[in-house]
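Numbering starts at 1 and runs along the sequence shown. Atoms within each ligand, like the ligands themselves, are counted from 1 in listed order.
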Amino acid sequence: MSNQDALGINWYHGKLTREDAERILLAEQHQEDGLFLVRQSNTSAGDYGLSVLYQGEVVHYQIRRHGEDAFFSVECCKRVLMALNAPIRPRTQDNETPAELARQAGHLEVERLLKQHQEDGLFLVRQSNTSAGDYGLSVLYQGEVVHYQIRRHGEDAFFSVGYTPLHYACQSNLPSTVRILITAGGANVQLRNTKTGRVPLHEAASGGHKDVVLVLMALNAPIRPRTQDNETPAELARQAGHLEVERLLTGVGPPRNPVTNHHLDDTTFLTRPQIEPGPPRVARGDFYFIDDGPYLDSLEHVIDHYIACPDGLPTTLQVPVPPLPKPPLPELPPSLFNRGDFYFIDDGPYLDSLEHVIDHYIACPDGLPTTLQVPVPPLPKPPLPELPPSLFNRGFSTTLPNRKKTPRVHLIGDRLGSPNRIDLNGGSSLRPDFGSSPRPDLNGNSPLRPGLNRDPDFNGNSPLRSGLNRDPELIDTSATLPLPGKFRAAQRRLKGSPSELGIPEMLPPCPALPPTPVDDIIPEENIILKDILGEGEFGSVYRGILQSKEGFETDVAVKTLRKEYMSSNKNDFLREAKLMMGLRHHCIVKLINISMGSTLLMVQELVPLGSMLTYIKQNPDKVDPNYEFKLWASQIALGMQYLEDQKFVHRDLAARNILLASRHQAKISDFGLSRAVNSERNYYKATHGGRWPIKWYAPESYNFGRFSSASDVWSFGITLWEMYSFGQQPYGEMKGSDI
Ligand SMILES: Nc1ncnc2c1ncn2[C@@H]1O[C@H](COP(=O)(O)OP(=O)(O)OP(=O)(O)O)[C@@H](O)[C@H]1O
């Protein structure tokens with residue numbers, strides 16, 4: 001305990017008798033259950049005593065040291081233990097629970113008691129059934145299971161350990177600095193000091209700095225975040241006598257919908273149904289937001305937060321219920337708690353293995369309101385590998401053990417009993433078969449992209465694109481590419497093998513994407529289309545609203561497939577959706593799901609500022625090559641690196657296909673040409689031409705149809721050129737064919 005100060009321990013009293021402990025606890029003015037202190041054990045040298053106040057009485061426990069581990073040895077009767085939320089299912093070294101021991105000893109009443117008792121705070125996390133990519137949190141409270149939704153919105157936020165510059169500026173009453181830090185510096189208004197849980201608004205409110213509070217509110221800082229001690233900014237202002245600031249903070253209306261709020265897009269937050277009693281909350285359909293957050297940067301952080309502090313829940317999360325299968329610890333994603341070489345939770349002590357972390361928090365709350373108590377052993381095999389890859393992926397962690405590289409969402413159409421079902425695993429005529437890869441004919445005409453090979457001229461003007469051709473640099477290469485038939489003919493003519501001639505061998509078509517499990521597709525009636533955001537090649541992209549089954553509304557972008565292209569381009573459309581379904585990265589536009597009603601719809605996250613190319617051209621004065629361009633370039637690179645890790649090539653990376661979520665976040669979109677790469681050769685071989693953006697293509701791509709991450713890098717270079725030339729056409733007026 002010598003480092004108790006460093007760890008912020010304020011409950012350790014050293015040598016103290018049991019009677020003194022009782023006197024101290026009972027003398028506290030506001031006596032409440034759970035008041036506790038720790039002291040040296042009087043009866044067992046080296047051990048500790050834990051004294052807890054419960055319903056006006058002090059109950060004593062003994063904390064016994066056992067090497068580096070510690071465990072509780074408690075001296076009180078079973079009912080008191082249970083009333084005090086003592087863990088019900090701890091296991092001995094021999095893996096026995098108290099209930100099992102009671103049964104073995106013939107104490108059947110005690111066994112029944114223990115089995116009946118279910119603990120508040122028992123919890124588990126699961127995939128959301130209603131919102132692909134999100135999660136559900138189910139918590140046991142007073143015999144009932146309460147369900148919450150954990151929404152994921154990008155991975156931008158991050159945790160800081162202490163105060164940030166924004167905290168300091170708020171403490172020092174510097175409103176203009178606060179504004180600059182947020183608007184120009186991108187400071188996150190929700191970063192918490194992880195010891196106190198304070199966000200910048202808490203600092204401004206407790207200091208009574210009205211102007212800073214106004215700036216924060218104007219910049220959409222959430223109004224009711226809670227500290228570790230459960231205090232809102234308004235409460236802190238009141239405590240400090242700053243009544244005007246308190247009025248300011250309590251006079252505001254309900255927090256805005258975080259889902260539709262742009263600056264809060266890249267966060268994770270918890271929505272919850274109303275539970276009484278609890279702090280103020282505001283209805284959103286069937287869900288209630290409390291305090292606009294907290295907004296945390298990962299699922300682990302969300303869970304850590306609610307383990308540490310109820311923050312509106314009826315109870316802290318206390319007992320994690322592992323999935324039925326037994327998850328072998330070494331197979332847990334390394335990034336779960338991994339930051340570099342160490343394992344830690346929040347800003348807790350750095351420990352060198354997951355077991356040590358768990359041991360540590362079993363042994364010592366260390367900032368948590370309670371120790372980790374009841375490890376529930378898992379039963380069958382772990383569903384962990386089925387978690388979306390981005391669950392624990394922060395961009396810098398590029399691989400997960402045992403992670404399947406393929407998409408893992410399964411779409412099943414179920415539209416009011418209609419037979420119109422789509423199963424991406426293939427099957428019926430109504431189930432387009434993703435598993436097949438139709439071979440092009442000798443002219444390069446593929447059943448998958450029929451319209452794309454219909455004799456466009458070299459200016460890229462195709463009968464299909466008349467009036468729609470937004471990219472004159474796209475040229476059809478079916479006439480120029482060495483197609484299978486032409487390739488063999490050329491080979492015969494030249495009397496040499498392709499490799500002798502320096503031409504890569506034609507490869508069999510890249511294996512199709514493996515079958516994918518897909519959630520329910522979105523019923524058409526749950527999508528409301530609003531205004532048009534842009535025109536795609538085969539349909540418009542709309543701003544829309546997605547309604548969940550619970551009535552929860554989310555702003556989305558909806559990519560449509562025009563009816564006239566339904567037969568010719570349905571498979572391409574679905575292929576793009578399937579590929580996107582498996583991608584989860586904050587620098588890649590997220591596909592929420594598809595809808596198969598009267599037409600095919602692809603529901604994507606709304607990326608509010610639209611195409612980067614248009615933005616740069618329209619707002620040259622707003623973008624700083626030394627700031628925005630560098631930031632966007634690094635984000636594009638990050639997204640492309642992720643794509644490479646997933647073994648995909650994009651094949652259409654260009655400024656027009658980068659969308660801007662904000663001036664601080666670029667996202668890669670348009671995966672219509674993307675393909676899986678051959679895992680052995682590390683490239684994708686196009687077996688037929690198509691409408692290709694030649695100006696963005698590497699020589700090996702337009703000469704030999706060879707696409708790899710390296711050729712994507714070439715396109716990245718052209719994209720950078722577009723950015724730094726403020727949106728000019730690469731190669732000026734030159735035609736694609738001349739390039
Ligand atoms: N998720 C989104 N959020 C906001 N706007 C979007 C989104 N997706 C697309 N858009 C807008 O719609 C336009 C066309 O979309 P997109 O490029 O995906 O269509 P497309 O059919 O793939 O086009 P093409 O293949 O011709 O490049 C974009 O330039 C952009 O302005």
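Salt bridge present: Glu605 and Lys667 bring a charged side-chain N and a carboxylate O closer than 4.0 Å. Using a 4.0 Å cut-off between charged side-chain N and carboxylate O, Lys622 and Glu628 make no salt bridge.
Under 4.0 Å from ligand 1, heavy atoms of Val607 appear from its side chain as well as its backbone. With a heavy-atom cut-off of 4.0 Å, Asp652 does not touch ligand 1 at all. The backbone of Glu535, and not its side chain, has at least one atom closer than 4.0 Å to an atom of ligand 1 (non-hydrogen atoms only; backbone = N, CA, C, O). For Glu537, heavy-atom contacts with ligand 1 shorter than 4.0 Å involve the backbone as well as the side chain. With a 4.0 Å cut-off on non-hydrogen atoms, Asn657 touches ligand 1 through its side chain and not its backbone.
For atom 29 (O) of ligand 1, the choice among Gly534, Ser611, Ser540 with the nearest heavy atom turns out to be Ser611. For atom 28 (C) of ligand 1, the candidate residues are Val603, Leu659, Leu606, Leu561; the nearest heavy-atom contact is made by Leu659.
Using bins of under 30°, 30° to 60° and over 60° for the plane-to-plane angle, the ring pair Tyr565/Phe538 lands in the perpendicular bin.
Under a 4.0 Å criterion applied to the non-hydrogen atoms of Leu533, ligand 1 contributes the atoms 4 (C), 5 (N), 31 (O). Against a heavy-atom cut-off of under 4.0 Å, Glu605 is close to the following atoms of ligand 1: 1 (N), 2 (C), 3 (N). Close approach to Asp670 involves these atoms of ligand 1, each under 4.0 Å from a residue heavy atom: 17 (O), 20 (P), 22 (O), 23 (O), 24 (P), 25 (O), 27 (O). With ligand atoms numbered from 1 in the order given, ligand 1 contributes 18 (O), 19 (O), 20 (P), 21 (O), 22 (O) to contacts under 4.0 Å with heavy atoms of Lys559. Per-residue contacts place Gly536 under 4.0 angstrom from the following atoms of ligand 1 (heavy atoms of the residue considered): 19 (O), 20 (P), 21 (O), 23 (O).
No N or O atom of Glu576 sits closer than 3.5 Å to an N or O atom of ligand 1. For Arg656, no nitrogen or oxygen atom sits less than 3.5 Å from a nitrogen or oxygen atom of ligand 1, counting backbone and side chain alike.
Within the structure, the closest approach of Arg543 to ligand 1 does not fall below 4.0 Å when heavy atoms are considered.
Phe726 pairs by the side chain to side chain contact (heavy atoms under 4.5 Å, CB included) definition with Ile616, Pro620, Val623, Pro625, Phe629, not counting sequence neighbours. With sequence neighbours left out, Phe671 forms a ring pair (Phe, Tyr, Trp, His ring centres under 6.0 Å) with His650.
Heavy atoms only, all atoms of each residue included: Ala698 and Ser711 are closest at CB-CB, 3.8 Å.
Atom-to-atom distance recorded for Ile658:CD1 and Met723:CE is 8.5 Å, nearest 0.5 angstrom. Between the CZ atom of Arg651 and the OG atom of Ser708 there is a distance of 11.5 Å, given to the nearest 0.5 Å. Here the NE2-CD distance, from His664 to Gln635, works out to 10.0 Å after rounding to the nearest 0.5 Å.
With contacts defined as side-chain heavy-atom distances shorter than 4.5 Å, the pair Asp555/Ile545 qualifies.
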